[in-house]
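Letters go in sequence order (proteins before strands), and every chain restarts at 1.
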Number of protein chains: 2
Amino acid sequence: MKTVSFEDLQKELKNRNINLSYQRLKILQYLTNSQIHPTVDQIFTDLHKDIPTLSKTTVYNTLKLLVQSDLAKVLTIEDNETRYDINIENHGHFKCESCGEIYDFTIDLDSIANKELKNFKINDKKVYFKGICPRCLN
Amino acid sequence: MKTVSFEDLQKELKNRNINLSYQRLKILQYLTNSQIHPTVDQIFTDLHKDIPTLSKTTVYNTLKLLVQSDLAKVLTIEDNETRYDINIENHGHFKCESCGEIYDFTIDLDSIANKELKNFKINDKKVYFKGICPRCLN
DNA sequence: TAATCATATTGTAATGATTACAACTCTGTA
DNA sequence: TACAGAGTTGTAATCATTACAATATGATTA
């Protein structure tokens, strides 16, 4: 699975004339280091320990920026929790209905193109699975 | 694509000892007749014309019931709009980013099983595409 | 260095979807 | 008719997200 380095991200932001402020840096680090596809609340709560002045609005703003810049993606596996993912192509997401953990799995999104959609312009593909993970099956 | 008849649905509800009240009947009809994958608000607004006493809570309650009974599915293509779909297997959803319309397309969900997940118990698979539909491309 | 300007951050208030809950209604049965 | 259980309704509460105005920051130029 292709990984995105911090340097890549920094470069991308430069290209788009987006300043890498301290807060944005920390949020980017959080997204790349923790592979947990966090919710806004998780990001805010964890980072707030290091940055007591951090505002939740800043987290929202930064995530919106990253999504618009195509550096992050919104995951809507559940209707009541929006999660964020550093943008790595060609993978799907599995959510365990027991422990709530989210697993990445590789999938060739190109291979699930569809004849019916040959006249459609496809910009984004999402694949979400739900079930029970091996750990919880025991 | 497999279609679900009204009689099938009624039978399913009987099996589960769920009463088919007037409101529930209307909501079921709405879901089967209109193929628009409606939001709660669409269902409520449209049915409210016929049933002025209808409450939005009833719509929520009924949809929850249908989902729990596995007769309907929740669609979370966007993080800000929850939609509902009568449960038909083996199809994905395409949402046009221009007009907002949602298109079904057939897809063999079994074929996108994944070796990495061979020890996972998979209960549900969702495939969401986004882009521009042919009508809006012109 | 000081002044200026654009951008980023913050905190609070507003919005909107969903849920909780208590009162009321309906239907069937004894 | 009285009762019980289930379904519906409307209001209030909750929670995530957005809007917005005030403040802070940081770079640039004189």
K.L.:
Measure CD1/I51(A) against C1'/dT25(D) and give the value in whole Å, please.
P.N.:
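In whole Å, dT25(D) C1' and I51(A) CD1 are 15 Å from each other.
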
K.L.:
With nearest nucleotides of DNA chain D determined for Y22(B) and D79(B) from heavy-atom distances, which residue corresponds to the more 5′ nucleotide?
P.N.:
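It is Y22(B), whose closest nucleotide lies nearer the 5' terminus.
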
K.L.:
Just how far, in rounded Å, is P of dA16(D) from CD1 of I43(A)?
P.N.:
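From I43(A) CD1 to dA16(D) P: 14 Å.
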
K.L.:
What's the CG-P distance between L54(A) and dT12(C), to the nearest Å?
P.N.:
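Between P of dT12(C) and CG of L54(A): 14 Å.
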
K.L.:
What nucleotide, of dA6(D), dT10(C), dA8(C), holds the atom closest to the side chain of N19(A)?
P.N.:
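Of the candidates, dA8(C) comes closest.
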
K.L.:
dG10(D), dG7(D), dT19(C): which one has an atom nearest the side-chain heavy atoms of K64(B)?
P.N.:
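Given the options dG10(D), dG7(D), dT19(C), the side chain of K64(B) is closest to dT19(C).
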
K.L.:
Salt bridge or not for D85(B) and R83(B), using N-O below 4.0 Å?
P.N.:
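The answer is no: the pair does not qualify as a salt bridge.
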
K.L.:
Between C1' on dA17(C) and OH on Y84(B), what's the gap in Å once rounded to a whole number?
P.N.:
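So the two atoms are 10 Å apart, to the nearest Å.
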
K.L.:
Base, sugar-phosphate, or nothing: which does S21(A) touch, judged by heavy atoms less than 4.0 Å apart?
P.N.:
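Sugar-phosphate contact only - S21(A) comes under 4.0 Å of backbone atoms but never of a base.
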
K.L.:
From the options dT17(D), dT8(D), dT10(C), select the nucleotide whose nearest atom is closest to the side chain of N61(B).
P.N.:
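Closest of the options to the side chain of N61(B): dT8(D).
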
K.L.:
Between C1' on dA17(C) and CG on D41(B), what's the gap in Å once rounded to a whole number?
P.N.:
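Going from CG in D41(B) over to C1' in dA17(C) covers 9 Å.
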
K.L.:
Identify which one of L66(B), V67(B), T39(B) satisfies the side-chain contact (heavy atoms from CB on, under 4.5 Å) criterion when paired with Y84(B).
P.N.:
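The single option meeting the side-chain contact (heavy atoms from CB on, under 4.5 Å) with Y84(B) is V67(B).
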
K.L.:
Nearest to the side chain of T58(B), heavy atoms from C-beta on, is which of dT10(C), dT8(D), dA16(D)?
P.N.:
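The answer is dT8(D), which lies nearest to the side chain.
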
K.L.:
Tell me the closest heavy-atom pair linking C133(B) and Y103(B), and the distance in Å.
P.N.:
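Result for this residue pair: SG-OH, 3.2 Å.
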
K.L.:
Counting Watson-Crick and G-U wobble pairs only, both distances under 3.5 Å, name the nucleotide matched with dA30(D), or none.
P.N.:
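In the structure as shown, dA30(D) has dT1(C) as its Watson-Crick or wobble partner.
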
K.L.:
With Y30(A) as reference, evaluate L25(A), V59(A), I43(A) under the side-chain contact (heavy atoms from CB on, under 4.5 Å) test and give the passing residue.
P.N.:
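Considering L25(A), V59(A), I43(A), a side-chain contact (heavy atoms from CB on, under 4.5 Å) with Y30(A) is found only for I43(A).
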
K.L.:
To the nearest Å, how far apart are L63(B) CG and dT19(C) C1'?
P.N.:
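Value for this atom pair: 14 Å.
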
K.L.:
Is there a side-chain contact between Y60(A) and the phosphate of dT18(D), meaning an N or O under 4.0 Å from OP1 or OP2?
P.N.:
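Answer no for this pair, as no side-chain N or O of Y60(A) is under 4.0 Å from OP1 or OP2.
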
K.L.:
To the side chain of T82(B), which of dT17(D), dT18(C), dT9(D) is closest?
P.N.:
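Closest of the options to the side chain of T82(B): dT18(C).
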
K.L.:
Output the rounded distance in Å from CZ (R24(B)) to P (dA6(D)).
P.N.:
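Spelled out: CZ on R24(B) to P on dA6(D) is 11 Å.
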
K.L.:
Measure from NZ on K56(A) to P on dG11(C) and round the result to the nearest Å.
P.N.:
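Those two atoms, NZ and P, are 13 Å apart.
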
K.L.:
Mind checking whether F44(A) and L28(A) sit in one hydrophobic cluster, side chains of I, L, V, M, F, W, Y counted as touching below 4.5 Å?
P.N.:
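Yes: a chain of side-chain contacts under 4.5 Å links F44(A) to L28(A).
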
K.L.:
Name the closest nucleotide to the Q23(A) side chain, picking from dT18(C), dT18(D), dT10(C).
P.N.:
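The answer is dT10(C), which lies nearest to the side chain.
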
K.L.:
dT9(D), dT10(C), dT19(C): which one has an atom nearest the side-chain heavy atoms of T57(A)?
P.N.:
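Of the options given, the side chain of T57(A) lies nearest dT10(C).
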
